[in-house]
Amino acid sequence: MMREGAVRCLDPHGFHWMRYVEWGDEKNPRVLVCVHGLTRNGRDFDYLAQSLADAYRVVCPDIVGRGRSDFLRDAADYTYPVYCTDLTTLLAKLGAETVDWVGTSMGGILGMILAAMPGSPVRKLVMNDVGCVVPKASLERIGEYLGKEAVYDTLEGLQADIRRVSPFGQLTDEQWRHLAIHSARRAEDGKWHFRYDPGIAKNFFAAPLADVDLRAYWNMVHGPVMVVRGEHSDLLLPATLEEMKRRPRTEALVIKDTGHCPMLMNEHQAGAVRRFLLG
């Protein structure tokens, strides 16, 4: 049974609500936090959460500016320090001494940053289609749509656009529908929009795009890590994955016929994550 929750967090210009869903026994001390990508939301993890709810309390937040969480007053506050502070506030509310972490794209970077900190509560980390270097070319691709608010007459039109441009691999019609429903919001005029603040693009374009080197964080991560890569991903390149595999206690999984990023919505992908986390 899925439950909804919220936690009040502080940013440089006031308080905001970060909302989340959770699955499994709320008294289970074994907690898994699942964090989504740049423009996505916590409902992306519904399949994975259900498949792990027997073993974990699974908590899936909507990072601020996405999903059902508040939009920030000042778009300049959409930064990794704010996201990390929000997630730390969430961890404090959950009361778990340690957590395991599944992060897709941006959520993987956030998990890596937190796992690299001295005294980190992050025990095991799954980085889904993101690595210690983010190539400029992938950022340029993301920049082609980020912050450009598309408007649709119907939910079906929005869903068709997601399906057309998203290299998520082989999903069922029902799964595409699920992604669309939870990615969409209906405005007062009846039009459909994506459920994220276009203002998150402000910092993305604040400086010229370039490769992002995150090795300083990666080299400080102390626990076991599984790195998942879509076979055709432009964000996690094969050479980066090979470099990451040289770190002790690092496993790798490549998902065939998939780009950025695998959605962890079938038994093969979710089962591999389960075996890593519980093994």
Side-chain angles (χ1 to χ4, degrees), residues 4 6 11 13-14 16-21 35-47 60-80 82-83 86 104-107 129-130 134 136-209 230 233-235 258-263 265:
E4 297 183 354
D11 63 73
H13 290 90
H16 59 267
W17 286 101
M18 181 171 69
R19 305 189 187 280
Y20 60 88
V21 295
V35 183
H36 58 78
L38 182 63
T39 63
R40 301 295 311 164
N41 63 82
R43 299 301 301 273
D44 285 357
F45 295 105
D46 280 7
Y47 182 94
C60 309
D62 290 342
I63 297 299
V64 66
R66 290 84 165 170
R68 296 178 306 112
S69 290
D70 287 350
F71 289 8
L72 293 180
R73 295 167 183 83
D74 187 336
D77 293 336
Y78 287 119
T79 64
Y80 277 71
V82 168
Y83 304 155
D86 284 5
T104 294
S105 197
M106 179 186 76
D129 212 60
V130 69
V134 179
K136 175 185 176 182
S138 67
L139 298 176
E140 290 173 337
R141 174 183 57 79
I142 292 168
E144 291 176 359
Y145 68 83
L146 186 65
K148 298 173 184 175
E149 190 166 15
V151 180
Y152 301 89
D153 292 328
T154 65
L155 179 60
E156 288 72 24
L158 183 146
Q159 178 179 332
D161 223 19
I162 293 177
R163 193 163 184 164
R164 179 178 60 83
V165 303
S166 302
F168 295 159
Q170 297 298 316
L171 302 180
T172 66
D173 290 343
E174 181 181 357
Q175 288 168 339
W176 284 114
R177 181 73 172 178
H178 177 90
L179 294 177
I181 288 171
H182 296 292
S183 300
R185 62 179 177 87
R186 196 170 193 179
E188 293 181 0
D189 63 2
K191 303 289 188 180
W192 292 89
H193 304 252
F194 284 103
R195 193 182 285 270
Y196 74 87
D197 184 354
I200 66 175
K202 180 174 182 176
N203 289 332
F204 189 90
F205 295 114
L209 296 178
S233 174
D234 64 346
L235 197 137
T258 302
H260 182 73
C261 49
M263 294 307 292
M265 295 180 84

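These numbers come from a predicted model, not from an experiment.
In this structure R68 satisfies the salt bridge (charged side-chain N to carboxylate O under 4.0 Å, His left out) test together with E4, sequence neighbours excluded. Listed by chain and number, the residues in a side chain to side chain contact (heavy atoms under 4.5 Å, CB included) with S183 are R40, N41, I162, F194 (sequence neighbours excluded).
Of the residues T172, D46, L171, D173, the one that meets the side-chain contact (heavy atoms from CB on, under 4.5 Å) test with H178 is D46. Each of R195, H16, R19 was checked for a side-chain contact (heavy atoms from CB on, under 4.5 Å) with S69, and the lone residue meeting it is R19.
The shortest distance between side-chain heavy atoms of L179 and R163 does not fall below 4.5 Å. The closest side-chain heavy-atom distance from D129 to S105 is not below 4.5 Å. A 4.5 Å side-chain heavy-atom check between L72 and H13 finds every atom pair outside the cut-off. Two residues are said to be in side-chain contact when any heavy atoms from C-beta on lie closer than 4.5 Å; T39 and L146 meet this criterion. Counting heavy atoms from C-beta on, the side chains of L38 and Y196 never come closer than 4.5 Å.
Rounding to the nearest 0.5 Å gives a distance of 5.5 Å between OH of Y83 and CE of M106. In this structure, C261 SG and F168 CZ are separated by 5.5 Å, a value rounded to the nearest 0.5 Å. Atoms OG1 and CE, from T258 and M263 in turn, are 11.0 Å apart once rounded to the nearest 0.5 Å. Remark: I200 CD1 to Y78 OH distance equals 7.5 Å, nearest 0.5 Å. Of the inter-residue distances, the one linking E156 atom CD with Q159 atom CD reads 7.0 Å to the nearest 0.5 angstrom. Here OG1 of T154 is found 9.5 Å from CZ of R186. Values are rounded to the nearest 0.5 Å.
Side-chain atoms of Y20 never come within 3.5 Å of backbone atoms of G42 as a donor-acceptor pair (strictly under, hydrogens ignored). Counting only distance, with no hydrogens or angles, the side chain of H260 and the backbone of V130 share no donor-acceptor pair below 3.5 Å.
Of all heavy-atom pairs between A184 and L158, the closest is CB-CD1, 4.0 Å. Closest heavy-atom contact between A75 and G199: CB-O, 3.5 Å. Closest approach of P61 to V35, counting heavy atoms only: CG-CG2, 4.2 Å. In plain terms, the two heavy atoms of F45 and C60 that are nearest each other are CB-SG, 3.8 Å. The shortest non-hydrogen separation linking M18 to D62 is CG-O, 3.2 Å. Closest heavy-atom contact between A6 and W17: CB-CE3, 3.7 Å.
Remark: Q170 CD is loosely packed, at most 12 non-hydrogen atoms of other residues, nucleotides or ligands lying under 6.0 Å away. More than 12 heavy atoms of other residues, nucleotides or ligands lie within 6.0 Å of CD in E149, so this atom counts as buried by the packing criterion.
Under the 4.0 Å criterion applied to side-chain N and carboxylate O atoms, R66 and D197 are not assigned as salt-bridge partners. Taking 4.0 Å as the cut-off between side-chain N and carboxylate O, K202 and D77 do not count as a salt-bridged pair.
There is no side-chain donor-acceptor pair under 3.5 Å between H36 and D44.
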Run the side chain to side chain contact (heavy atoms under 4.5 Å, CB included) check on D86 and I63 step by step: do they pass?
-> CA-CA 8 Å; D86 284 5; I63 297 299; 5.9 Å; no
